[in-house]
2 protein chains.
Amino acid sequence: MLPNPDEKLDPRIKRTRGLILRSFEDLLAEKNFETISVQDVTDKAQINRATFYAHFQDKYALLDYSISQMFMQEIEKRTLNVCHYSSDNLRNLILAVCEFLSRMHTDCAQPHQQFEALIEAQIKQQIFGLLSHWLEQSKSKVPAEIPATVATWAIYGLASHYSHTKKRPALEKFVDEALPLVAVNLEQFA
Amino acid sequence: MLPNPDEKLDPRIKRTRGLILRSFEDLLAEKNFETISVQDVTDKAQINRATFYAHFQDKYALLDYSISQMFMQEIEKRTLNVCHYSSDNLRNLILAVCEFLSRMHTDCAQPHQQFEALIEAQIKQQIFGLLSHWLEQSKSKVPAEIPATVATWAIYGLASHYSHTKKRPALEKFVDEALPLVAVNLEQFA
DNA sequence: TCTCCTCTGTTGCTTAGTCAACAGTATCAG
DNA sequence: CTGATACTGTTGACTAAGCAACAGAGGAGA
């Protein structure tokens, strides 16, 4: 199930996954995640329901995959996936998470309890992976687990807070204010 | 090859044809028809080149199909396919052909000699079929071939002329002026 | 309670799509 | 002229997607 992310693989598979993803993201803009059935997704994607199950275990797996793909794109756009720790990169990462969650809230119909929890788990996993990658590239051989965990939660918390505020002004200012608090946990290990 | 237009048929077939069509129409907006290769189409459509040949004999067959589909849509939009002869319907038909050709000229990159000839053949075939259908529904048992032919060429000629004029103003006025000249050939048989 | 209905996962067989390889044609440059 | 390159159209063996049918899990309502 989804073994190779973007290696050479059968074009039919790439195409089918693309159709499922697009269909799902369109549906998320219309309806609540809880009310979206696998049937809905496959109907809109013009594929058979059985085919869906050849690619994803269930709609929760699809959500995970979808979120991680979208977030990964956000990260790759800013080339944060191929770099090391720096104050500037950290700043960009926080910006990315804030913007991603904000977009999520404006694009998706009624964010629901369970839905948000699933997103949170997935995004934190991504952030943690990225930070670990950054820290492990440094000369310091200290294990990165603790500082990466702290920073991950801090960053997600900031972004969640930001994206939930009614009128979101001045993202730049918000991030600049928060940045040093997160940076202090990381720079000693980088 | 393309046996059933929109009967129940394998969703893979519908989907694949749709992908080929969209890809082709996008390409037409970018490049000259002559310079579009089957490879180009299949690359953009994300399908295998061999699959293309399972659906269309060559790119000329694709052009025919594409044109006829687009034109048919234009016709169905105005519900001209399910009606009989009347001055008003004829007027709408002329309008449809004019608008279709005009759109063709604005949407497609450099209309070329051969390209225009292929379109002309296809569209005239459609118009002829439609007019024959109208005339054969009338009580007059006279064969419709001759008047339908005359009107077909007249209508296409008008539309071609209109769509080639540099600044196209007042389509309505243009059609109202031309309408009686075409109508006189048809109404005696309807 | 029972039935009706909708959605979920799963299965074995069928069919469309993919692949790689082939021969044939055309164009272009050295 | 010759080799390189690019596109066409076709083939047979392989693989993903479609289908229809199934059992099962709720949920709504009489």
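Just so it is clear: chains get the letters A, B, ... in the order the sequence lines come, proteins before strands, and each one is counted from 1.
Distance CD1 (B:Ile36) to P (D:dT8): 11 Å, rounded to an integer number of Å. In this structure, NZ of A:Lys59 is placed 7 Å from P of C:dT8, rounded to the nearest angstrom. Atoms CZ (A:Phe56) and P (C:dT10) sit 15 Å apart, rounded to a whole Å. Rounded to an integer number of Å, the gap from CG of B:Asp43 to P of C:dC19 is 11 Å. One atom, OH of A:Tyr53, and another, P of D:dG18, lie 15 Å apart when rounded to the nearest Å. The separation between A:Ile20 atom CD1 and D:dA16 atom P is 14 Å, rounded to whole Å. One can place CG of A:Asp58 at 5 Å from P of C:dG9, the figure rounded to the nearest angstrom. Separating the CZ atom of B:Phe52 from the C1' atom of C:dC19 is a distance of 18 Å, rounded to the nearest angstrom.
Every residue two or more places apart in sequence or in another chain that forms a side chain to side chain contact (heavy atoms under 4.5 Å, CB included) with B:Thr165 is listed here: B:His161, B:Arg168.
Note on A:Phe128: it does not cluster hydrophobically with A:Val150, by side-chain heavy-atom contacts below 4.5 Å among ILVMFWY residues.
A side-chain N or O of B:Ser37 and one of B:Asp40 form a donor-acceptor pair less than 3.5 Å apart.
The closest side-chain heavy-atom distance from B:Tyr65 to B:Leu21 is below 4.5 Å. A:Val38 has its side chain out of reach of A:Asp58: every pair of non-hydrogen atoms, C-beta onward, lies at least 4.5 Å apart.
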Query raised in the report: How does each nucleotide of nucleotides 13-18 of chain C score, in 5' to 3' order, for protein heavy atoms under 4.0 Å: base (B), sugar-phosphate only (S), or none (-)?
Result: --BBBB
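With respect to B:Glu172 and B:Arg91, a salt bridge is recorded, a charged nitrogen being found less than 4.0 Å from a carboxylate O.
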